[in-house]
Protein chains: 2
Amino acid sequence: MEKINKLIKSFRDKGLKITPQRLAIFKILENNNSHPSAEQIYHNLKRGYPTISLATVYKTLEILEEMGEVKLLKINYDRKRYDPDCSPHHHLICVGCRKIVDIFEDYSNALKVPSQIKDEFTITDFRVEFFGLCKKCKNKRKFKEK
Amino acid sequence: MEKINKLIKSFRDKGLKITPQRLAIFKILENNNSHPSAEQIYHNLKRGYPTISLATVYKTLEILEEMGEVKLLKINYDRKRYDPDCSPHHHLICVGCRKIVDIFEDYSNALKVPSQIKDEFTITDFRVEFFGLCKKCKNKRKFKEK
DNA sequence: TTGAGTGCAAAAGCTTTGCATTCGT
DNA sequence: ACGAATGCAAAGCTTTTGCACTCAA
């Protein structure tokens, strides 16, 4: 996320307004590495804005996401997807049609984790997900909604 | 997923019964690399079992998941999580308390994609997710539900 | 026979939407 | 002043649950 001043400018440039609620959301997100949910942000805001609604939080986050100012840590598979192949492999997701293809490559030696983190965590598994566009979707204008 | 015969045995060994519906689900999943959703499986089954219910599909898939016979391609973050840090980095998720920590490592040169896939897709992004347990959770018996 | 599974409908949980009111510019 | 944002409540969707009935073993 950009610095708040820049963010404010980006919003205004788009004709979006800066409200106290939005500003408060910006501040909560600034230098925040706790990967909060909308609910958590909402909770935090309640102190200063007892009347704020979850809907407002979601709406603002949606704008930030569209602007590329926050990243969603949950992939827009519309719903749960099940993979009967439990051998170690990874996936490439077409962000256009949501097709998922398997990638059978062993990355286990390629992915070094900082030793500081290794000390704190016991890592049991990992997954790599690639995102892109298949040929068909590359030639489309519009992708699936959502 | 194991071969169907083995799967049947695993189910019976656990006191779980083999019903036509379950068998049909097994068959749909066998050698299936389309990463289907419960809905899609349900849809497929409708032909042969017009009365089958989505609930049955979900329930069977849950068992398969618990048995490690299928893998879920959607992470159990309980809800959306937002990351204001859009610089390229990756995540480690503690499967006990769901804490998410950042991993700042550049894996872009480490992750080779089969050329056959590179021909078919334009890859725009990727993410690496590690799973494990933090020290606290390692010493716990029970983790967060779900 | 009997405990497990099915299928229906209802509930649950997260997220989005509609709308009247309020507010930023 | 006027379009945008807010906050509430309702709706939407996916997934789960409860329960009477049915069925596999």
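The chains referred to below are lettered A, B, ... by the order of the sequence lines, with proteins before strands, and numbering in each begins at 1.
- Residues B:Cys94 and A:Phe121 approach most closely at CB-CE2, 4.2 Å, considering heavy atoms.
- Judged by closest nucleotide on DNA chain D, B:Ser37 is the one of B:Arg12 and B:Ser37 placed further toward the 5' end.
- Salt-bridge check for B:Glu105 with A:Lys112: failed, with every basic side-chain N at 4.0 Å or more from each acidic carboxylate O.
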Query raised in the report: So A:Ser10 and A:Met67, side chain to side chain contact (heavy atoms under 4.5 Å, CB included) or not? Walk me through it.
Result: CA-CA 9 Å; A:Ser10 305; A:Met67 289 170 68; 3.6 Å; yes

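- Checked against the 6.0 Å centroid threshold, B:His89 and B:Tyr107 do not count as a close aromatic pair.
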Query raised in the report: In the 5'-to-3' direction, what one-character label does each nucleotide of nucleotides 2-7 of chain C receive under the scheme B = base within less than 4.0 Å of a protein heavy atom, S = sugar-phosphate only, - = no such atom?
Result: -BSSSB

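- For the pair B:Leu72 CG and D:dT14 C1', the interatomic distance rounds to 13 Å; values are reported in whole Å.
- At whole-Å resolution of the value, OH in A:Tyr58 and C1' in D:dA11 are 15 Å apart.
- Whole-Å rounding puts the B:Lys80 NZ to D:dT14 C1' distance at 13 Å.
- In this structure, the CD atom of B:Glu66 is 13 Å from the C1' atom of D:dT16, given to the nearest Å.
- Rounded to a whole Å, the CD1 atom of B:Ile41 is 11 Å from the P atom of D:dT15.
- By the side-chain hydrogen bond (donor to acceptor under 3.5 Å, both in side chains) test, A:Ser115 is found to be paired with no residue, residues two or more places apart in sequence or in another chain being considered.
- For A:Thr56 (side chain) and A:Ile52 (main-chain N/O), no donor-acceptor pair under 3.5 Å exists by modelled atom type.
- To the nearest angstrom, P of C:dC14 lies 13 Å from OH of A:Tyr42.
- With no hydrogens or angles considered, a side-chain donor-acceptor pair links A:Asp102 and A:His91 at under 3.5 Å.
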Query raised in the report: Where does DNA chain C pair, written as one dot-bracket string 5' to 3', with Watson-Crick or G-U pairs under 3.5 Å, ( ) inside the strand, [ ] for crossing pairs and | for another strand?
Result: |||||||||||||||||||||||||

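- Going from atom CG of A:Leu54 over to atom P of C:dT17 covers 15 Å, rounded to whole Å.
- Annotation: side chain of A:Leu133 is not in contact with side chain of B:Ile123 (no heavy-atom distance under 4.5 Å).
- Note: the hydrophobic cluster containing B:Tyr82 also contains A:Ile4 (ILVMFWY, side chain heavy atoms under 4.5 Å, direct or indirect links).
- Between the CG atom of A:Leu61 and the P atom of C:dC14 there is a distance of 16 Å, rounded to whole Å.
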